[in-house]
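Data block below; observations after.
Per chain, numbering begins at 1; letters A, B, ... match sequence-line order. Bear in mind the structure is a predicted one, so any value in this text is a computation, not a measurement.
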Amino acid sequence: RYPTFIDALRDLDDALSMCFLFSTFPRTGKCHVQTIQLCRRLAVEFQNYVIASRSLRKVFLSIKGIYYQAEVLGQPITWITPYTFAHDHPTDVDYRVMATFTEFYTTLLGFVNFRLYHSLNLLYPPKIDIQAEDELKPAEGKEYAMDSESYLERLSALSASLARAVAPAHEDEVEMDEFPVEGETAELMDAKKKEQEALEKHKKLFEGLRFFLNREVPREPLAFIIRCFGGQVSWDKSLCIGATYDATDPSITHHIIDRPRVDKQVVGRYYLQPQWVFDSVNAKLCLPVAEYFPGVLLPPHLSPFVTEKEGDYVPPEKLKLLALQRGENPDEESEEEEEEEEEEGDNDKEEDEEEDESEKEEERKLQKMEEQKMEEQKTQNNKVLPVKVTPGKVRVEDKQRLEQEQQSEEKRLAIMMMKKREKYLYKKIMFGKKRKIREANKLAEKRKAHDAALKEQKKKSKKARQV
Amino acid sequence: PRIPWNSLTFFPGIPWNPPPSPHPSPSHFSPQDIRNTVGNIPMEWYQDFPHVGYDLDGKRIYKPLRSKDELDLFLEKMENPEYWRTVRDRLTGSEVVLSEEQLELIQRLQRGQFGDVNFDPYQPSVDFFSHEVRIHPVTNRPADKRSFIPSLVEKEKVSKLVHAIKMGWIQPRKPKESVPTFYDLWAREDPNSVLGRHKMHVPAPKIPLPGHAESYNPPPEFLLSPEEKLAWEQQDPAERRLSFIPQQFPSLRAVPAYSRFIHERFERCLDLYLCPRQRKMRVNVDPEDLIPKLPKPRDLQPFPTTQALIYRGHTSLVRTLSVSPSGQWLVSGSDDGSLRFWEVSSARCLRSVPTGSAVRSVAWNPNPGICLVAAAVDEQVLLVNPGLGDRLLVAATDQLLDSREAPQEERIQPVQWIPAGPEERGKGIRLRVQHDKPVLQVTWHTKGDYWASVMRNPGGRQVLIHQSSRRWSQDPFRKSPGMIQCVRFHPLRPYFLVASQRSVRIYNLLRQELTKKLQSNCQWISSMAVHPGGDNVICGSYDSKLAWFDLDLSTRPYRLLRHHRRALRSVAFHRRYPLFASGSDDGTVIVCHGMVYNDLLQNALLVPLKVLKGHAPTLDLGVLDVAFHPQQPWLFSSGADGTVRLYT
């Protein structure tokens, strides 16, 4: 079915999604326990591979589950995992079909995992690094479970690095040779090089940062993501096996928390909501933390999978993010603007009043002028016949517009001469285009209305506070 | 109630009784009871007999003489106090009144109790075997000897198995491996040795990636308003553009499980194995490329582009118009019962001829040496001399009409030629040709002597050809070719074109035979025009199509143009320029370039040039007739709004 390894990788999306789903099933009913265990094992193995190879690229919190995208051997592999809740098993689903697929997928994933592990010189089945294993050993005889049982759990804690078959050389980064090239290709090469550098930077996004996950935070996805980008992560010891440091550790830099308030804040670390991790990964840089403090209204979480083409609707948050990536700082400007606007708003009233007064004065003046004119006219009318000659208005013919009109008419006439089938196709394409534009406009309009409503509310609350 | 009886069953409270025999003794029955001996058979078998069986002596047991009807039953129900406990004995047909004991028994059985009043179902039970070890065993039988001597049979079996194992006949069972072993499946992968089926493999399309709307915290514009949500709910699930309703949650911990997650995975599975996949060459078409490259209208000038004049005067819709061969005069016929003659360049109405009834069709004699107009009014065709232009011409025309000498023997004609009275002559009318049915259309031959008229007479005589100089008419057809819409004379050859509802027939008048039959592919032809070159014909139809026929090419249309949005009323060719026009009910006239090449290999070039607007649609009618100026690239159109317009 898969003559080459790349073919297998291309088909891995569904396999991963299905394995991650089956590994969350309860061990009763629905399907064999062995299948569930195998799915869990393979999923954990794959996650460990992604950590070891640092190939995760994008993550997305959707209402359906969490999407991950990794790039393995140049192939983008996307999978979705459900949120960890008990499933409400539907009755109109044929589990036998799903089980058959899962059987195939587990086989596929097993072979793929084997190959992937060997490509990184990792042992398969995975072994935890001996050094790390010692650290993980429970202290003085407090046996957690039998060694064989807890091994998978320790593996699935995702906190330890894996044992390698060949000891890694420290300088395994191969320097790319440079060949002198000419013209456009040189530019292309430059662009490629830059891209490569950005990728390396992205891979080391969280390097040197120490995270601590509070107990209400979903542990597995966050631990997975943080480890994928080189961060160190730990959690409460009672939450899961594999915790390496305590909440009181002073070296923690980021504390991920999903509560409205923090009871006891430790100085020297950021308390952040989990969305910061996801947004940072997607933005390929550590975002400013101010918007992600506990209890703060979060900025919208955007999908990293959307690349807006020309004419598509781009949410303002995305524009802001793009500016940030380019190295500008749009926040300050906009904030200043806002402040200015607010000040203007305050001044507006006074100005309005002033304007009113000035307008009244002007009106008075105008009235006087008119009266004078009328009198003059009366005197003139006595002398001259009441015939008026009004100057003709010059009709400016807009040449451009005329030309445009002519062109559009020509086009319309040409469309009339189309064959029936082509006309149908043309109309279909144009309908699709128009609908796209319409939808984009609708979104923009909605946003505008929303922003206006928000501003109004802000003003009101401000006024209320002032009163 | 029967309790399964054996020797161990005994109840302490009840003295032991032997079980009753299964056959009740005859003493149970009352002495006057007659035993029916038919046995346990369906009693319907005796339905048609006067008796219901036989007693012990073999004598018939008769049914009660009179069976009771509803009324009797009712009376008895009302009067007999014992009625409720009266039962009919099916065996004998007699009625039995139940006794007190029997009633009680029934009631007990209905309540699910034992039939015997004295039976106590809640007696304390006595265990025969209990957990306590008793000093006396239940059975005191000594153990068998074989219970402590090794079995010889078993020994034999075991020794056989041992022997089989020793000889290697029985292998120990391999431990079943629950974990599949994986290995490097693609170790000897050779991309060059790809099988054919791999080449033709169509990979499944990937699941579309989520957009901003699917986020747990989307930008506010992606959330649905209440109306949109309602619309989403009312839509069919297959038609929805989003398979979910976007939702916003303030924090990650508030996000619930997605209830359709398993469904979606399952549907994906179904898609993967049930949906047939095929390779589709999807061309990424630029819509601009689809538009045919036509010569620019600017390069195809001259053609009418703007509305120049409006000829007002008619009070009702102007059905028809015609231009004089000199191009100086214009005649229009209207539903208000008048013919009006206009000067083209000044839009002045020079003459108005009242006809008394709606004018269906007018045609100016194409011969420049004759000044004559034929107008179809009701059942008559009026030949009118408008008296416009050269006086000599006018006089010559009158002379031509009057010079006819009556032949010796009057032929029987299908129509009556009636010379106009003096009053009518004053108005310009010279001859009245009385038909027997309403006339729809008149058209002149190019020479100007012959003309044809179409009558509304389905199934009968519909077309007549007249010769005005000899006042002579004839019916060219022996049988009518369907419902005729329109006729034309061929401009060069002696052909006569007849448009019926769906096809156009071309007759050779000299040989008197059908030359060609053109299939129009339209539902209902409304009008027809012949190219002055004579090899091309256009047909307008009520289903808003215009068919261009190339007579040399095929009997099917060369092009079918769907330019108008509504029914076409008339079409016209220009006599000099390569132009043709079509007027439609949507109030527009479309002028097209229709170049016909002398080279037979080159097909005609059709380019739409201009959409002329001006007529306001009234009563669902727009433009009713169009005609070109004979020399200039000008176009006249008459509409339902009572005007005639000139486009230059």
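- A 4.5 Å side-chain heavy-atom check between B/Ile590 and A/Met416 finds at least one atom pair inside the cut-off.
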Practice task
Begin from the C-alpha positions of B/Lys206 and A/Asp14 and carry the test salt bridge (charged side-chain N to carboxylate O under 4.0 Å, His left out) through to its verdict.
Solution key: CA-CA 8 Å; B/Lys206 296 198 168 186; A/Asp14 293 309; over 6 Å; no

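- Both the backbone and the side chain of B/Leu290 come within contact range of chain A, judged by heavy atoms closer than 4.5 Å.
- Of the listed residues B/Pro256, B/Cys269, B/Pro250, the one with more heavy-atom pairs under 4.5 angstrom with chain A than any other is B/Cys269.
- Residue B/Pro218 touches chain A through its backbone alone, counting heavy-atom pairs closer than 4.5 Å.
- Using modelled atom types, one side-chain atom of B/Trp186 and one backbone atom of A/Tyr2 make a donor-acceptor pair closer than 3.5 Å.
- Between the side chain of A/Arg115 and the main chain of B/Leu185, no donor-acceptor pair closer than 3.5 Å is present.
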Exercise for the section: Quick one: do B/Glu228 and A/Lys442 satisfy salt bridge (charged side-chain N to carboxylate O under 4.0 Å, His left out)? Show the steps, please. Expected result: CA-CA 12 Å; B/Glu228 285 170 327; A/Lys442 198 178 166 191; 2.6 Å; yes

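- In this structure, the side chains of A/Tyr124 and B/Phe182 come closer than 4.5 Å at one or more pairs of heavy atoms.
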Exercise for the section: Show your reasoning for whether side chain to side chain contact (heavy atoms under 4.5 Å, CB included) applies to A/Ile80 and B/Arg265. Expected result: CA-CA 10 Å; A/Ile80 178 174; B/Arg265 296 312 319 165; 4.0 Å; yes

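- The choice from B/Gln248, B/Lys293, B/Lys610 that makes the most heavy-atom pairs within less than 4.5 Å of chain A is B/Lys610.
- Here the two rings, on A/Phe111 and B/Tyr183, have centers that are under 6.0 Å apart.
- Ionic pairing of A/Glu439 and B/Arg241 is present here: one or more N-O contacts between side-chain nitrogen and carboxylate oxygen are shorter than 4.0 angstrom.
- Side-chain atoms of A/Asp92 and B/Phe266, non-hydrogen and from C-beta on, never get closer than 4.5 Å to each other.
- For the pair A/Gln273/B/Ser251, a side-chain contact is recorded, criterion being any heavy-atom separation below 4.5 Å from C-beta on.
- Neither the backbone nor the side chain of B/Leu274 comes within less than 4.5 Å of any heavy atom of chain A.
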Exercise for the section: Tell me, with the steps shown, if A/Lys448 and B/Glu221 meet salt bridge (charged side-chain N to carboxylate O under 4.0 Å, His left out). Expected result: CA-CA 9 Å; A/Lys448 215 171 162 188; B/Glu221 62 269 30; over 6 Å; no

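- With hydrogens and angles left out, the side-chain atoms of B/His212 and A/Glu308 include a donor and acceptor closer than 3.5 Å.
- Between B/Tyr273 and A/Thr100 there is no side-chain heavy-atom pair separated by less than 4.5 Å.
- In terms of heavy-atom pairs under 4.5 Å with chain A, the best-connected choice from B/His563, B/Arg260, B/Glu214 is B/Glu214.
- With a threshold of 4.5 angstrom between heavy atoms, B/Glu264 approaches chain A through side-chain atoms but not through N, CA, C or O.
- Contacts between B/Ala187 and chain A at a heavy-atom distance below 4.5 Å involve the backbone alone (N, CA, C, O).
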